[in-house]
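Residue numbers start from 1 in every chain, and the chains themselves are labelled A, B, ... in the order their sequence lines are given, proteins ahead of strands.
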Amino acid sequence: MTDKKVRVRFAPSPTGGLHLGGVRTVLFNYLFAKKHKGDFVLRIEDTDQTRYVEGAEEYILDCLKWCGLEPDESPVAGGQYAPYRQSERKALYREYAERLVMQGHAYYAFDTAEELDKNRKEIPNFQYGQAYRDSLRNSLSLPQHEVDALLDAGTPHVIRIKMPADETISFHDMIRGHVSFETNQVDDKVLLKADGMPTYHLAVVVDDYLMKISHAFRGEEWLPSAPVHLLLWDYLGWKADMPQWAHLPLILKPDGHGKLSKRDGARLGFPVYAMSWFDAKTGELTPGFRELGFLPEAFLNLLATLGWNDGTDQEIFTLDELIEKFSIERVNKAGAKFDFEKAKWFNAEWIKRSDATTLLPHVKTILAEKNINITDDQRLITLIDLIKDRCVLLPDFYQQLGYFFEEPKSYDLASVKPKWNDQKGDFFKEYIEKLANIEAIQPELEEPAFKAFAEEKGMKIGDVMMPFRIMLVGSKFGPHVFDIAASLGKQETINRITKGLVAFSA
RNA sequence: GGCCCGUUCGUCUAGGGGUUAGGACGUUAGAUUUUCAUUCUAGAAACAGGGGUUCGAUUCCCCUACGGGCUACCA
């Protein structure tokens with residue numbers, strides 16, 4: 001059992017965008033699989049057709065692709081244990097549910113949703129289980145002939161697990177250690193719904209068994225239903241093959257309390273989905289980390305360190321490093337509040353550490369969105385190196401780079417005009433002539449020349465440097481003025497000084 | 001309400017019976033950058049409370065408080 005091949009799965013239901021916590025679950029599964037030379041499978045849990053959303057499955061696949069966490073087996077990649085969509089495995093589950101009924105570990109229940117709702121409302125602490133199952137309409141409480149008659153008549157019914165009395169179910173969680181439950185406290189969960197589809201509880205056990213899953217990592221919200229799953233593994237006779245469990249801590253709202261949700265993103269102004277998700281029904285577009293300008297490497301990095309660390313002070317990890325260093329036992333037990341400021345820091349750090357060639361395609365995309373189409377890659381690479389330390393999110397590249405390709409749309413006049421005078425105007429007019437006579441602008445030659453010229457004219461360097469910058473850039477930011485001028489070239493520099501002169505004197 | 005899980009700076013976290021309780025984000029101050037950002041230096045900032053166990057508990061145990069999750073024919 002210990003030499004069993006490592007096989008893990010991510011099993012989302014296709015109901016909408018993929019949330020931070022979901023991607024982190026994928027990440028931890030993926031890291032564990034790759035570290036142990038195992039398989040990572042994607043299984044689509046689409047057993048609830050009322051919640052099924054068109055396009056959600058493709059979206060999930062795209063997210064995994066963007067993150068670089070591609071599954072070895074999936075509905076589209078296929079695999080030895082296909083199909084990987086539970087809706088396509090529907091027939092399978094009934095057989096196991098019936099088997100459980102036969103063995104006395106499950107039973108048919110005929111109660112309607114309305115009857116149960118009524119009970120839940122009227123009886124405090126009502127649970128379909130130990131205490132009440134005898135007073136409800138099921139194959140445990142009804143005489144056999146009546147059950148047969150109901151079944152023959154095609155009466156809608158579900159199959160429920162029969163929780164045993166007075167047992168303690170315990171297991172070892174790879175993150176939490178020993179966890180235990182009293183069966184008297186757990187209710188008789190529905191295993192097979194009236195429409196013939198399994199619930200999560202049945203499907204997850206059957207599929208994990210059939211797909212030979214060795215380790216099951218999922219969010220902490222699943223912990224309370226773990227005893228149902230444990231029992232099912234046992235009743236179905238598969239106990240020896242049961243995966244090892246790990247329940248991951250939740251990602252919480254940065255303010256207040258509770259699980260992080262889609263709404264929090266809108267409320268607090270940051271994304272919670274990996275990629276933007278468009279809801280065709282409501283017409284609502286929920287922004288994603290990708291669209292906001294996160295590098296996938298940074299996104300993964302920040303997710304990995306939310307609840308995990310390697311025990312050293314290292315915070316920046318490549319995917320390969322994560323695979324090498326990851327250990328599920330080092331995942332924290334407590335939930336973590338999401339901090340968007342730190343998320344941005346990770347991205348800035350990744351931009352700084354990435355070389356310009358890697359950044360190039362991203363930057364070209366950003367600029368293209370602003371109708372700046374670059375043909376000279378070499379020039380762009382030089383520029384990226386010049387300014388990448390100033391960028392936090394990818395769109396910042398437009399802010400920091402746009403003026404190399406477009407004239408300033410406006411000038412920060414408030415920073416120049418109050419101190420602007422004819423003397424400065426004359427200085428620049430003469431400077432244009434000086435520039436006209438040189439071959440090309442070389443920062444290391446032209447900057448000292450500029451300074452010398454300013455001194456010669458009896459001006460303070462700072463007094464002319466700032467207006468010069470604003471002529472070229474439009475505002476008070478950016479790299480060294482002469483690096484900008486050099487990239488712009490002599491003619492364009494002269495052109496911008498000329499236009500600046502007009503604007504400043506107006 | 002019941003059950004389960006959790007609790008170290010504002011946040012993410014390291015640590016673990018004897019430590020000046022470490023790092024990071026953010027924040028404050030300063031230096032560098034004749035801009036902005038980067039970078040550098042320094043600072044403020046935490047073991048939820050109460051009982052045990054112990055020579056000694058932030059660390060182990062119990063209780064309380066607080067937080068979170070679950071309590072659907074949703075996952």
Does [N] have a Watson-Crick or wobble mate here (both distances under 3.5 Å), and if so which one?
N     : value
B:G6  : B:C66
B:A57 : none
B:A31 : B:U39
B:U20 : none

At their closest point, which heavy atom of [X] faces which heavy atom of [Y], and how far apart are they?
X      : Y      : value
A:F181 : A:L223 : CZ-O, 3.3 Å
A:L260 : A:P254 : CD1-CD, 4.0 Å
A:D188 : A:M163 : OD1-N, 3.0 Å

Taking atom [atom2] of [N] as reference, at what distance in whole Å does atom [atom1] of [X] sit?
X      : N     : atom1 : atom2 : result
A:W308 : B:A14 : CH2   : C1'   : 13 Å
A:R218 : B:C5  : CZ    : C1'   : 14 Å
A:F482 : B:U33 : CZ    : P     : 17 Å
A:K388 : B:U39 : NZ    : C1'   : 14 Å
A:L303 : B:C12 : CG    : P     : 15 Å
A:L386 : B:C36 : CG    : C1'   : 13 Å
A:D389 : B:U35 : CG    : C1'   : 16 Å
A:M163 : B:C4  : CE    : C1'   : 13 Å

Determine the interatomic distance between [atom1] on [N] and the same-named atom on [M]; round to the nearest Å.
N     : M     : atom1 : answer
B:G15 : B:C9  : P     : 16 Å
B:C12 : B:A48 : P     : 14 Å
B:C4  : B:G10 : P     : 31 Å
B:A14 : B:G22 : C1'   : 6 Å
B:U54 : B:A46 : P     : 31 Å
B:U13 : B:A21 : C1'   : 13 Å
B:A44 : B:A24 : P     : 15 Å
B:U71 : B:C63 : C1'   : 26 Å

So what does [X] touch, heavy atoms closer than 4.0 Å: a base, only the sugar-phosphate, or nothing?
X      : answer
A:S180 : sugar-phosphate
A:G307 : sugar-phosphate
A:P479 : base

task = Give a yes or no answer on whether the side chain of A:D463 reaches the backbone of A:M459 with a donor-acceptor pair at less than 3.5 Å.
result =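 Looks like no, no N/O pair under 3.5 Å.
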inquiry  = Given the structure, check if the side chain of A:R469 and the base of B:U35 hold any donor-acceptor pair shorter than 3.5 Å.
reply    =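 Present.
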query = Has the side chain of A:R390 got a donor or acceptor atom sitting under 3.5 Å from an opposite partner on the base of B:C36?
reply =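 Yes.
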ask   = Does OP1 or OP2 of B:A14 have a side-chain N or O of A:N309 closer than 4.0 Å?
value =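 Yes.
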A:E182 vs A:G311, nearer the 5' end of RNA chain B by closest nucleotide =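 First, find each residue's nearest nucleotide; the 5'-ward one identifies A:E182.
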ask   = Of all the choices, B:A24, B:G2, B:U35, which nucleotide is nearest to the side chain of A:H480 once you look at every atom?
value =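 Nearest to the side-chain atoms of A:H480, counting from C-beta on, is B:U35.
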ask   = Is it true that atom NZ of A:K417 has more than 12 heavy atoms of other residues, nucleotides or ligands lying nearer than 6.0 Å?
value =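 Buried by this count: over 12 neighbours within 6.0 Å.
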query = Hey, can you pull the residues of residues 330-354 of chain A with a non-hydrogen atom under 4.0 angstrom from RNA chain B?
reply =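 When residues 330-354 of chain A is checked for heavy atoms under 4.0 Å from RNA chain B, the hits, listed by number, are A:R330, A:N332, A:K333, A:A334, A:A336, A:K337, A:D339, A:E341, A:K342, A:W345, A:K352.
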Check: [X]/[Y] side-chain N/O donor and acceptor closer than 3.5 Å:
X      : Y      : answer
A:Y200 : A:D48  : no
A:R9   : A:N29  : no
A:S261 : A:D264 : yes
A:Y108 : A:E98  : yes

query = Just wondering, do A:M197 and A:Y93 contact through their side chains at under 4.5 Å, heavy atoms?
reply =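 Contact flag for A:Y93/A:M197 side chains = no.
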ask   = Among A:K333, A:R176, A:R218, which residue meets the side-chain hydrogen bond (donor to acceptor under 3.5 Å, both in side chains) test with A:H247?
value =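 Testing each of A:K333, A:R176, A:R218 against A:H247, the sole residue satisfying side-chain hydrogen bond (donor to acceptor under 3.5 Å, both in side chains) is A:R218.
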ask   = Quick one: what's the B/S/- string for nucleotides 66-75 of chain B, heavy-atom cutoff under 4.0 Å, read 5' to 3'?
value = -SSBSSSBBB
Listed pairs under 3.5 Å, donor-acceptor, residues 464-475 of chain A side chains, sequence neighbours left out:
residue	atom	partner	partner atom	Å
A:R469	NH1	A:F477	O	2.7
A:R469	NH1	A:G478	O	3.4
A:R469	NH1	A:P479	O	3.2
A:R469	NH2	A:P479	O	2.8

